[in-house]
Each structure stands twice: as structure tokens, then as C-alpha cells.
Amino acid sequence: MPDRAHIHALMTEIGPALELAEVTEFDQDNLWVLVLRDDVVLFVDYVPEDRRLWLSAEVGVPSPADRFHLYELMLQYNARWQETGGVRLVLDGPEGGVVQAYDMPAVGLGLHHLQNVIRNFGDMLEGWRKIVATAGAAQPAGSGGFQPTMMGGMIRG
């Protein structure tokens with residue numbers, strides 16, 4: 001059974017294993033902040049009652065003109081949970097900020113599996129950040145629709 005000490009040990013090891021820029025622990029909140037390449041920030045919350053880890057990261061805020069089409073794409077992406085391994089995209093408040101999220105069982109979690117999940121999560125985050133940042137540019141003049149390539153990829157390790 002995982003306990004906080006086990007998760008703490010994994011978070012202590014994950015920094016050197018992935019050559020992260022920084023790992024900061026917020027003990028009372030069961031939260032770790034991981035700084036990946038290029039100052040990408042990933043939040044890891046441990047929920048002891050559920051024995052789960054919740055990973056999240058800010059993707060970006062789409063321009064008002066691109067929101068509808070991007071939100072439509074996000075809904076399509078979330079519906080493909082079997083292909084994405086359960087990674088989902090959510091809105092963080094009324095201003096339209098997009099957050100990438102993933103939850104996973106902490107039971108039986110080892111360093112190798114956690115490394116794979118974090119690497120894949122970071123790669124998917126990079127892809128979604130590009131989509132959000134270039135949503136308007138990806139739309140040909142007069143096309144009336146935002147049609148980027150569907151993001152694929154598995155988060156499972």
C-alpha cells in the first residue's frame with residue numbers, strides 16, 4: 001500500500017532520474033512542483049484517501065477568436081481517452097485557460113513507470129502548447145474552421 005513516505009521517496013528520486021531542473025515539495029499540501037525542460041512546470045498532487053497521483057500543467061490561454069474551435073477539439077480529444085491513456089484537457093476558470101491533467105494509481109508505482117508517465121505527459125504537453133499557441137495560424141484564411149492534427153500518444157509507461 002502506498003503511503004506518503006513512498007511517494008516522497010519517488011519524488012526525491014525522480015529529479016535526478018529525469019535530470020529535472022527543480023523539484024519542490026509542499027509537505028502540508030501533498031504537492032510537488034517539478035520543473036522540466038525549458039522551465040515547463042508540472043504539478044504532482046498526492047491524494048492519500050484515493051491513493052492516486054494527479055498530474056497537471058498549464059497549457060495556455062487561447063485567443064478569444066480561437067476558443068470555440070479549440071474547445072471543440074479538446075472535447076474530441078477527451079472522448080478518445082482509450083487512445084490517450086486517460087490524459088484530458090480541462091478549462092481552468094472563465095478566462096479560458098487550458099490545463100492538461102492525468103490521474104494514476106499510486107499503488108505499486110515504481111520509479112521507472114513514473115519516469116515514463118512524466119516523460120510522456122511532458123511530450124503531450126509540448127504538443128498541446130504548440131496547438132494552443134498557433135491555433136489562429138493553423139487556420140487558412142476563409143476556412144471557417146480550425147482543423148489541426150489530432151494529438152495522439154499514450155501516457156502509459
Side-chain angles (χ1 to χ4, degrees), residues 2-64 66-67 70-71 73-78 80-81 83-107 109-138 148-157:
D3 59 4
R4 193 179 187 301
H6 174 70
I7 301 304
H8 171 80
L10 283 174
M11 291 299 140
T12 301
E13 296 173 24
I14 200 69
L18 289 176
E19 299 178 356
L20 302 178
E22 184 179 340
V23 176
T24 304
E25 179 178 6
F26 295 89
D27 190 34
Q28 293 179 330
D29 297 323
N30 288 325
L31 170 69
W32 289 263
V33 177
L34 311 180
V35 180
L36 309 178
R37 63 190 179 276
D38 302 323
D39 295 325
V40 172
V41 176
L42 174 67
F43 301 94
V44 180
D45 291 276
Y46 175 57
V47 182
E49 301 82 28
D50 297 334
R51 298 188 301 193
R52 299 189 76 72
L53 289 180
W54 289 84
L55 285 68
S56 62
E58 295 178 10
V59 176
V61 179
S63 71
D66 297 326
R67 285 184 182 162
L70 184 62
Y71 294 169
L73 179 65
M74 289 168 51
L75 288 171
Q76 293 170 10
Y77 181 82
N78 287 343
R80 301 179 80 153
W81 59 271
E83 294 173 40
T84 67
V87 173
R88 52 198 167 275
L89 298 164
V90 299
L91 297 179
D92 185 27
E95 68 283 347
V98 178
V99 172
Q100 180 176 299
Y102 177 68
D103 71 291
M104 60 187 287
V107 177
L109 183 61
L111 181 61
H112 180 72
H113 181 72
L114 183 60
Q115 283 178 270
N116 287 337
V117 168
I118 290 173
R119 265 194 219 106
N120 291 342
F121 190 87
D123 290 345
M124 294 169 88
L125 178 64
E126 183 179 341
W128 275 108
R129 283 186 169 182
K130 287 177 185 174
I131 287 174
V132 170
T134 62
T149 304
M150 177 60 78
M151 289 293 298
M154 300 295 285
I155 196 75
R156 297 182 185 116

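The first residue of the sequence shown is numbered 1, and numbering continues consecutively from there.
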Nearest 0.5 angstrom please: [X] [atom1] to [Y] [atom2], how far?
X: Phe26; Y: Gln28; atom1: CZ; atom2: CD; value: 11.5 Å
X: Met11; Y: Leu31; atom1: CE; atom2: CG; value: 10.0 Å
X: Leu111; Y: Glu13; atom1: CG; atom2: CD; value: 5.0 Å
X: Tyr46; Y: Trp32; atom1: OH; atom2: CH2; value: 8.5 Å
X: Asn78; Y: Thr84; atom1: CG; atom2: OG1; value: 7.5 Å
X: Met74; Y: Leu91; atom1: CE; atom2: CG; value: 4.5 Å

Between the main-chain N or O of [Y] and the side-chain N or O of [X], is there a donor-acceptor pair closer than 3.5 Å?
X: Asp66; Y: Val132; answer: no
X: Gln100; Y: Phe121; answer: yes
X: His6; Y: Ala106; answer: no
X: Arg88; Y: Gly86; answer: yes

Heavy atoms of Leu10 and Gly110 approach each other most closely as CD2-C, 3.8 Å

Would you name the heavy atoms of Arg67 and Pro62 that are closest together and state the gap between them? NE-O, 3.4 Å

Quick check: do [X] and [Y] have side-chain heavy atoms less than 4.5 Å from each other?
X: Asn120; Y: Val87; value: no
X: Val98; Y: Trp128; value: no
X: Val40; Y: Glu58; value: no

Contacts of Leu20 meeting side-chain contact (heavy atoms from CB on, under 4.5 Å) (sequence neighbours excluded), chain-then-number -> Ile14, Leu18, Val23, Leu34, Leu36

Could you go through the side-chain contact (heavy atoms from CB on, under 4.5 Å) check for Asp45 and Asn30 one step at a time? CA-CA 6 Å; Asp45 291 276; Asn30 288 325; over 6 Å; no

side-chain contact (heavy atoms from CB on, under 4.5 Å) between Asp27 and His8, worked out: CA-CA 9 Å; Asp27 190 34; His8 171 80; over 6 Å; no

